[in-house]
Amino acid sequence: MGRGKLRIYLGAAPGVGKTYAMLSEAHRRVERGTDCVVAFVEHHDRPRTEVMLHGLEQVLRRRLEYRGGVFPEMDLDAVLARRPQVALVDELAHTNIPGSRHAKRWQDVEELLAAGVDVISTVNIQHLESLGDVVESITGVRQQETVPDEVVRRADQVELVDMSPEALRRRMAHGNIYKPDKVDAALSNYFRPGNLTALRELALLWVADRVDAHLTQYRSDHRVSRIWGSRERIVVGLTGGPEGRTLIRRAARLAEKGAGGEVLAVYIARSDGLTSVSPKELAMQRTLVEDLGGTFHHVVGDDIPAALLAFARGVNATQIVLGSSRRKTWQYVFGPGVGATVARESGPDLDVHIVTHDEVAKGRGLPVARGARLGRSRRAWGWIAGVAGPPFLAALLNTVDLGLANDMLLFLALTVAAALLGGLLPALASAAVGSLLLNYFYTPPLHRWTIADPKNIVAIVIFVAVGVAVASVVDLAARRTHQAARLRAESEILSFLAGNVLRGETGLEDLLERVRETFGMESAALLERASDVEPWTCAGRVGQGRPVERPDEADVDMPVGDHMALALTGRVLPAEDRRVLAAFAAQAAVVLDRRRLQEEADRARTLAEGNRIRTALLAAVSHDLRTPLAGIKAAVTSLRSEDVEWSEEDRAELLEGIEEGADRLDHLVGNLLDMSRLQTGTVTPLIREIDLDEVVPMALGGVPEASVDLDVPETLPMVGVDPGLLERAMANLVENAVKYSPSGTPVLVAASALADRVEVRVVDRGPGVPDEAKGRIFEPFQRYGDAPRGAGVGLGLAVARGFAEAMGGTLDAEDTPGGGLTMVLTLRAAGPRPELPHAAEHAAQPERQTS
């Protein structure tokens, strides 16, 4: 059976109608014959919601005891045994009572989905984990019950249950949400109009982002190239010039005018001719756009306007921001420019903004290499000069008599001009037409296609040879210019790639995304196989194009060695692009190898650490574990000896020695096992909310009475910890402090709250530890000073710090004022102390509220 489907009703605040909408959907499904049951629904004594439960089958709830009270929870086993088609599970972010199978209700839902049961649930926007800080800044209340965003994003359907703040407050005032005695407090605190408006905006934007992701996927799957203006996406065209920062700021202001606006800055590098670009300026612009919340993109395109429009349509942009041209007035004779071309070809669904700036009409500093080699317009002028120029010149020379030598020089000058403009072919055409006209009009016999004087034949041959030579030089220079421009574009791309590596963007997926974006492809994948007979497997893939399982299925494939290939889909790349693609492919292979080497290094490091631990364990066993064992054996041997008559006092003393040795042995073995678990990564804390005064006293059982003064106020907030790990950590800290504290001087264990943390300080008046040694005392198998071998194997503090960090806390050592050492254990506060563990609602901020 496949995985079940999850449908979530999302609301901005309690009382908007999520539970009512969920129950209405259940009634509709039951009427259609769907097997639907109520696994857990909380109506909060709201009459209209309670009425909706009538006619629906309800699974009996479990009753769990906690702190003297009995609380109902969803009976997960009963729901799985009933195995309905659809289960209604209210309050997705709810924290279960201790003793339940899972700590959170969303984990119960995950188990139902894995069993093939469809689930309908509810959640408020303030319970999404990523929005905790935002909600706290709005309402002043920190949410204690949260659900990971990914759980909600993976839902097959999320439906927003919306209501205006005014309507929700009216519903509150009428008593439809809370009981009358709580209405006034709720309206003046959590349910203030500003709070509700902000929470509503959060919910709308979150759902809009999810819809936008689905829209992008749909456009990719159906190859929709036409822009759908569902949200404002503004593309900024950068040239690398100083005006780019002005354009980025202007685009950011445009994006701020529409909710959810997005800025994408793109720099298009021409593969066949680049203007001079300052890498420093481009880096500054990249930093600026990222600081403003936008993204930077680098694309190669032969035709800049076409590449810019293709990028804009590919990201479903609604606006393009370009700067006014920096060309001087006379330069417009070569064409309308990028801005005008983009505006003309953008179509009705894409707005183009031309922004003025301080660099307008100041020129670009260096000439721009145009077109492929000489460019189309230049070649056109070359053909005009080569074909139409000679007849025009002949018509002019027929009106005057300059002599054959001058006529030939003029025709040669025209041929050179054609060569300079259009290259080899226009020059050849000019030489051919010019030689024919010279022969017909100016060499005897006139007006005949013959040459009487052999010297004139030599002159015409020289004339043609000079034209061809000049044209060849011009053509060769154009080729070299094109090659230099191409290499410059490639070096810029490779420099950009190297910059990504230096910035730490070395993930395989990041690199593949850069490949896909640079070459304008739909998808990029790195394929590999173990041998020629093995099937291809995908080591990494990005993009939304069709999945490629073999290199020959891709539009472009670049082999990397014998058993690896980079496969791209979207279009066929020209041959000159494959050199840069080969560099990307080689880098992808290096990144993949580095990732695997890092994994192997991590495994080797783990094994080496394990070997070190085992060696240290053997060293510890050699003495520290033998000592209590030897004492126990000696005492037992003495007691069993028939040669000596032991008095009751002697027997009691020997038994006490056996007990002390066994306790020491148990303590040592416990620390060794705990350290082994920490080093091998098998410690999995079970975090739950608990009071410190329930755990700390239990950790004092291993020390003599009156050796510890305890100061843990009952008003402290609860902490999120694993009680077992916290008890072991505290026990080690207290035993260490008592060991080094002077006789008759008790150790102080005090706790206090600080912001969202709780500090537990274990203070002794012993010799203390120098600053340079404070870090070493937390390392395994370290004993500070001249502690005797029998005092332990030096694991207590290492285990305590490991447990603290496993629970998300810290453990540090400080000097005690007046002498001694203070261990500071910092833990995460779970929130204020509630009267009940999973509290019902309260007026200021309901912990768990559904409509």
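Atom set for the values below is all heavy atoms of this structure, side chains included, hydrogens, waters and symmetry mates excluded. Treat the numbers as computed from the prediction; the structure is a model and nothing was measured.
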Reported CG-to-CD distance for the pair L288 and Q285, which is rounded to 0.5 angstrom: 8.0 Å
Can you check whether I268 reaches F311 side chain to side chain, under 4.5 Å on heavy atoms? no
A side-chain contact here means heavy atoms from C-beta on lying under 4.5 Å apart; do L238 and F296 qualify? yes
Is there a side-chain contact between I234 and H353, using heavy atoms and a 4.5 Å cut-off? no
More than 12 heavy atoms of other residues, nucleotides or ligands under 6.0 Å from CD of E345: is that the case? yes
Is there side-chain contact between V315 and H297, with at least one heavy-atom pair below 4.5 Å? no
Above 12 or not: heavy atoms from other molecules or residues under 6.0 Å from CH2 of W381? no
Quick one, R516 with E522, criterion side-chain contact (heavy atoms from CB on, under 4.5 Å). Give me CA distance, side-chain angles, the key distance, then yes/no. CA-CA 7 Å; R516 186 197 65 78; E522 294 180 355; 6.0 Å; no
Look only at the side chain of T295 and the backbone of L264, and say whether a donor-acceptor pair between them is shorter than 3.5 Å. no
As a quick check of understanding, evaluate side-chain contact (heavy atoms from CB on, under 4.5 Å) for R550 and L527, giving each step before the final call. CA-CA 7 Å; R550 296 171 53 84; L527 306 178; 5.5 Å; no
I125 side, atom CD1; L10 side, atom CG - distance, nearest 0.5 Å: 4.5 Å
If I take atom CZ from residue R233 and atom CG from residue L350, how far apart are they, to the nearest 0.5 angstrom? 13.0 Å
For a side-chain contact (heavy atoms from CB on, under 4.5 Å) check, start with the C-alpha distance between E509 and L512, then their side-chain angles and the critical distance, and finish with the verdict. CA-CA 5 Å; E509 286 72 22; L512 293 178; 5.6 Å; no
With heavy-atom distances below 4.5 Å as the criterion, would you say the side chains of L292 and I248 are in contact? yes
Heavy atoms only: give me the nearest A394-L437 pair and the separation to one decimal. CB-CD1, 4.0 Å
Got a second to check how far R595's CZ is from E599's CD, nearest 0.5 Å? 6.5 Å
Between the OG1 atom in T287 and the CZ atom in R245, the distance rounded to the nearest 0.5 Å is 11.0 Å
Quick check for you: to the nearest 0.5 Å, what is the distance between T569 atom OG1 and D555 atom CG? 6.0 Å
Indicate yes or no: at least one non-hydrogen side-chain atom of V289 is less than 4.5 angstrom from one of V236. no
Please tell me if the side chains of F441 and L397 come closer than 4.5 Å, counting only heavy atoms from C-beta onward. no
Are S324 and T356 linked by a side-chain donor-acceptor pair shorter than 3.5 Å? no
With respect to L309, which candidate in I320, T341, D303 satisfies the side chain to side chain contact (heavy atoms under 4.5 Å, CB included) definition? I320
So W206 and D149, side-chain contact (heavy atoms from CB on, under 4.5 Å) or not? Walk me through it. CA-CA 10 Å; W206 195 93; D149 290 46; 3.8 Å; yes
How about V556 and M558: do any of their side-chain heavy atoms sit closer than 4.5 Å? no
